[in-house]
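Have a look at the structure below, then the notes.
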Amino acid sequence: MRYGSKHSKPFEFRLPLMAGGLNRALNCISIADNELAQESNMWISPTGEYETRPGFARVTATGTTKTIQGVYYSPETAKHLVSSNNTLYSLDTSTGELTSIGALNGTNTRTSFADFNGKAYIAHGGTLQSYDGTTLADVTGSGDAAPSDACFVKAMSTRLWVGGANDTVYWCGANDPTDWGGDSPLTGGFVYIERGDGGRLTGLGLID
């Protein structure tokens with residue numbers, strides 16, 4: 001916004017985006033310019049408008065009785081997928097019914113999902129599996145074996161990328177999730193990420 005007067009030239013003053021959230025740990029004169037001291041039921045929408053904050057409603061009818069490690073909507077299979085207690089479920093959002101699809105073969109931990117070439121891929125505590133809307137199966141390799149320590153999975157361009165528990169990032173061949181390296185002309189491979197330096201790989205993300 002612009003301010004001016006007859007005694008000075010107009011100058012420009014920009015208000016920061018209100019993206020700092022609610023800060024109730026400090027008094028109202030000590031918080032940052034982009035924070036709020038108190039808040040009503042409002043948010044800034046994806047288009048930048050102030051709106052009433054969307055509410056929440058329970059979808060599942062009874063739940064899984066165990067901790068949920070992952071929830072994902074797969075456009076490739078048109079399924080809402082839920083990971084809980086080493087089991088993959090399909091959720092019917094209209095009825096709230098959970099239907100067991102099959103066993104996730106890794107340890108009982110956080111689950112990562114990605115859609116790739118008509119299937120949903122699931123990295124779950126050391127295993128990489130795929131689901132085509134009907135069958136849940138382990139991912140196998142045609143050259144080198146598929147990653148056996150898969151914790152994170154992303155799809156980018158024509159490749160599937162997997163983050164491993166041993167600080168390794170794997171990629172499959174172009175449009176071939178069975179190609180993880182090995183004999184030519186296979187194009188999959190892997191790289192260590194600062195292995196042995198004490199840091200740990202904690203996720204994969206896509207930037208632009």
- Message: Pairing donors with acceptors under 3.5 angstrom, does anything connect the side chains of Asn175 and Thr158?
- Response: no

- Message: Regarding Thr87 and Asn85, do their side chains bring together a donor and an acceptor under 3.5 Å, going by distance alone?
- Response: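 There is no such pair between these side chains.
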
Is it the case that the side chain of [X] and the backbone of [Y] share a donor-acceptor pair, with hydrogens and angles ignored and the cut-off at 3.5 Å?
X      : Y      : answer
Ser45  : Glu49  : yes
Thr60  : Thr62  : no
Gln69  : Ser112 : no
Asp138 : Thr140 : no
Asp179 : Gly188 : yes

Which pair of non-hydrogen atoms, one from [X] and one from [Y], has the smallest distance, and what is that distance?
X      : Y      : result
Trp171 : Thr187 : NE1-O, 3.4 Å
Asp176 : Thr178 : OD1-OG1, 2.6 Å
Ala155 : Ala114 : N-CB, 3.9 Å
Gly102 : Leu136 : C-CD2, 3.7 Å
His124 : Thr111 : ND1-OG1, 2.9 Å
Cys172 : Arg159 : O-NH1, 2.9 Å

Does one hydrophobic cluster hold both [X] and [Y], with members joined at side-chain heavy-atom distances below 4.5 Å?
X      : Y      : answer
Tyr131 : Phe113 : yes
Tyr72  : Leu98  : no
Ile101 : Ile68  : no
Ile193 : Met156 : yes
Leu81  : Leu91  : no

- Item | Test side-chain contact (heavy atoms from CB on, under 4.5 Å) applied to Leu204 and Val153, step by step | CA-CA 7 Å; Leu204 294 176; Val153 61; 6.0 Å; no

- Message: Is there a side-chain contact (heavy atoms from CB on, under 4.5 Å) between Asp33 and Glu35? Walk through the geometry before answering.
- Response: CA-CA 6 Å; Asp33 289 340; Glu35 294 179 329; over 6 Å; no

- So CG of Asn105 and CD1 of Ile122: to nearest 0.5 Å the spacing works out to 10.5 Å

- CG on Leu128 to OH on Tyr170, rounded to 0.5 Å: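 One gets 11.0 Å once the value is rounded to the nearest 0.5 Å.
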
- Item | Identified side chain to side chain contact (heavy atoms under 4.5 Å, CB included) counterpart of Val59 within the set Val71, Thr93, Val82 |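 The option that passes is Thr93.
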
- Query: Which of these passes side chain to side chain contact (heavy atoms under 4.5 Å, CB included) with Leu104: Leu88, Thr109, Thr127?
  - Reply: Leu88

- Message: Measuring only between side-chain heavy atoms, which start at C-beta, is Asp167 closer than 4.5 Å to Tyr192?
- Response: no

- Message: Please verify the inter-ring angle class for Phe116 with Tyr121; under 30° counts as parallel, over 60° as perpendicular, anything in between as tilted.
- Response: perpendicular

- Item | side-chain contact (heavy atoms from CB on, under 4.5 Å) between Ser90 and His80, intermediate numbers included | CA-CA 6 Å; Ser90 174; His80 290 85; over 6 Å; no

- Task: Go through Tyr73 and Lys79 one step at a time and tell me if the side-chain contact (heavy atoms from CB on, under 4.5 Å) criterion holds.
- Result: CA-CA 6 Å; Tyr73 175 71; Lys79 302 277 189 180; 6.0 Å; no

